[in-house]
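Quick note on labels: first sequence line is chain A, next is B, and so on, each numbered from 1.
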Amino acid sequence: MLDLKWIRENPDAFDVALARRKAEPMSEMILQMDEKKRHLQTELQTAQARRNEAAKAIGKAKASGEDAEPLIKEVASLKTSVQQMEADDRELSSQMDELLSGIPNILKDDVPVGVDEADNIEVRTFGSAPTLDFAPKEHYELGADLGMMDFETAAKLSGSRFVVTSGKIARLERALAAFMIDVHTEEKGYLEVSPPVIVRGNALYGTSQLPKFEEDLYKLDTGSYLIPTAEVSLTNLVNDTILTEAELPLRYTAHTLCFRSEAGSAGKDTAGMLRQHQFAKVEMVSITTPEQSEEEHERMTGCAEDILQRLELSYRVVVLCAGDTGFGARKTYDIEVWLPGQDAYREISSCSVCGDFQARRMKARYRPEGAKGTRFVHTLNGSGLAVGRTLIAVMENYQQADGSILVPEVLRPYMGGLESISAET
RNA sequence: GGAGGGAUGGCAGAGCGGUUGAAUGCACUGGUCUUGAAAACCAGCAAGGGUGCAAGCCCUUCCGGGGUUCGAAUCCCCGUCCCUCCGCCA
């Protein structure tokens, strides 16, 4: 949600910002509506003030035995018009809210121009693709050959875009998640959280998945939803709270399942477990002051990268262009890991800074030290990392000519010392 | 599934028809005291919005909506959420 006051004061900047998102200018319409609302509000408040004044006078008149009848009549007549104006005011406010809640966040100035992922700009790279003296396989071939990855049975159980993993591959995924959480909590200062994966619409509104992207979500018949990312649960931890400056930044991490309907991605990445309806992800969320958020964004991205570096996986960081940046984000770094089987970089993490966009929706504020009042916090979220995709990356990068998979050094303690996964393990 | 209880300021918690935007405590801010700190004492301290250059003035808000009333945090109705007990169940 954008700040109406900011739009009012910077209508041209607002329209420019919309244009970067390929949206039509809206300032004129919004300002008109705002003008109308404020005019009504002023009128309403004048009437309310008079009503309050008269009501008090009635009390006094009655107490002193004077005739209160004319005042009572006046209040009665004011009452209907006040009620009407109140109703109009509510109507206008909810219209305004609806409109504002559908407008995407303002991009930061340094977000590159562009329409889709082809226009994203590489920021840095790490490592290099492993040199294999054989033709690398894709993860699902490797998994099937090991007998530890079964898409057919999953389809029978659950339909397309599901997988059943088993044995050491299942354990490898669990090991990855545990490793990531341990790094974030023990070295990076994140607090481990085990949150609900079922949330109310209100929480999804706060992080701006709702109202615009309901079709991407799984909705239960209780009216609640399965989370598409733990960003929802973690960020909403501060929903409707006023924090003190001293407690910021807050850093949360969680290992959860995520659920996405993948509406609109039919035919995309259908093979393997790259794009599933259900997947595990380790998420990072930071709640900061406005002054801290930019630096925190770099830091968070670094935390995600560190996981890949320790796994000795090659990756590159790209900054998303305007057209590819999500609705609620001001700026996003994607981390793309090298997949030998696909001969391509694929997204494995996405780290976004949202400014006060989500905070305003959630009413998440803090009291600045030495200043009056409250300010909205800034929120950030990033994957650290998508566990399923990390599993893919490990399998493809650590595959051997005989179809076995070496276990990365840092994961061995989590695998009971196992050094290699083969059909026999 | 059955039966009840509740939703008040950052937090806890009074108020149950009339200057109550709201007692009290904690937290927080400033001051006194102190070598410094703590303690103690004094004072201040809700949020959101309108208007104004500003100081200020005004409005709204005691979960949301509607009603009763000259007047509602307080009474009535509807909704949302939370909790307790019983039943069922992991």
Tell me which of Arg38(A) and Arg200(A) sits closer to the 5' end of RNA chain B, going by the nucleotide each one is nearest to. Arg38(A)
Between Thr42(A) and Thr46(A), who's closer to the 5' end of RNA chain B by nearest nucleotide? Thr42(A)
Taking [M] as the reference, what is the distance to [N] when you measure between their [atom1] atoms (whole Å, please)?
| N | M | atom1 | answer |
| --- | --- | --- | --- |
| rA72(B) | rA90(B) | C1' | 46 Å |
| rG65(B) | rG87(B) | C1' | 34 Å |
| rA27(B) | rC42(B) | P | 15 Å |
| rU24(B) | rG30(B) | C1' | 22 Å |
| rU20(B) | rG71(B) | C1' | 13 Å |
| rG13(B) | rA73(B) | C1' | 14 Å |
| rA54(B) | rC62(B) | C1' | 33 Å |
| rA22(B) | rA46(B) | P | 10 Å |

Non-neighbouring partners of Arg375(A) that pass salt bridge (Lys or Arg N to Asp or Glu O under 4.0 Å), sequence neighbours left out: Glu291(A)
In this structure, how many angstroms lie between the [atom2] atom of [N] and the [atom1] atom of [X], rounded?
| X | N | atom1 | atom2 | result |
| --- | --- | --- | --- | --- |
| Lys5(A) | rG48(B) | NZ | P | 9 Å |
| Asn202(A) | rC82(B) | CG | P | 11 Å |
| Leu4(A) | rG49(B) | CG | P | 10 Å |
| Glu43(A) | rG49(B) | CD | C1' | 17 Å |
| Arg375(A) | rA47(B) | CZ | P | 15 Å |
| Lys36(A) | rG49(B) | NZ | C1' | 19 Å |
| Asp356(A) | rG48(B) | CG | P | 13 Å |
| Leu40(A) | rU60(B) | CG | C1' | 13 Å |

Cationic N near anionic O, under 4.0 Å, [X] to [Y]:
| X | Y | value |
| --- | --- | --- |
| Glu262(A) | Arg161(A) | no |
| Glu294(A) | Lys331(A) | no |
| Arg8(A) | Asp3(A) | no |
| Arg367(A) | Glu245(A) | no |

Using both distances under 3.5 Å as the test, list the Watson-Crick or G-U wobble partner of [N], or none.
| N | answer |
| --- | --- |
| rA27(B) | none |
| rU35(B) | none |
| rG56(B) | rU51(B) |
| rG9(B) | none |
| rG4(B) | rC83(B) |
| rU61(B) | rA46(B) |
| rU19(B) | none |

Could you please spell out the steps behind the side chain to side chain contact (heavy atoms under 4.5 Å, CB included) verdict for Val337(A) and Leu308(A)? CA-CA 8 Å; Val337(A) 69; Leu308(A) 288 169; 4.1 Å; yes
Determine whether Ile392(A) and Tyr140(A) make a side-chain contact, defined as any pair of heavy atoms from C-beta on separated by less than 4.5 Å. no
So do Leu380(A) and Val285(A) actually touch side chain to side chain, heavy atoms under 4.5 Å? no
Ignoring hydrogens and angles, state whether a donor on the side chain of Gln41(A) or Gln45(A) is under 3.5 Å from an acceptor on the partner side chain. no
Is a side-chain donor-acceptor pair under 3.5 Å present for Gln358(A) with Thr207(A)? no
Could you please name the option among rG48(B), rU51(B), rC58(B) that lies closest to any side-chain atom of Thr374(A)? rG48(B)
Listed nucleotide nearest any side-chain atom of Gln48(A), set rG50(B), rC82(B), rU60(B): rU60(B)
Nucleic acid footprint by protein, nucleotides 62-67 of chain B - heavy-atom cut-off 4.0 Å, B for base, S for sugar-phosphate alone: ---SSS
Expected string for nucleotides 8-13 of chain B under the B/S/- scheme (protein heavy atoms, under 4.0 Å, primed atoms plus P, OP1, OP2 as sugar-phosphate) is --B---
Would you indicate what Arg360(A) reaches in the nucleic acid, counting non-hydrogen atoms under 4.0 angstrom: base, sugar-phosphate, or nothing? nothing
At under 4.0 Å between heavy atoms, what does Thr241(A) touch on the DNA or RNA strands: base, sugar-phosphate, or nothing? nothing
Can Ser286(A) and Glu296(A) be said to form a side chain to side chain donor-acceptor pair (under 3.5 Å), step by step? CA-CA 8 Å; Ser286(A) 294; Glu296(A) 183 72 7; 2.6 Å; yes
Check the pair His277(A) / Phe259(A) against side chain to side chain contact (heavy atoms under 4.5 Å, CB included), numbers first and verdict last. CA-CA 5 Å; His277(A) 289 307; Phe259(A) 304 89; over 6 Å; no
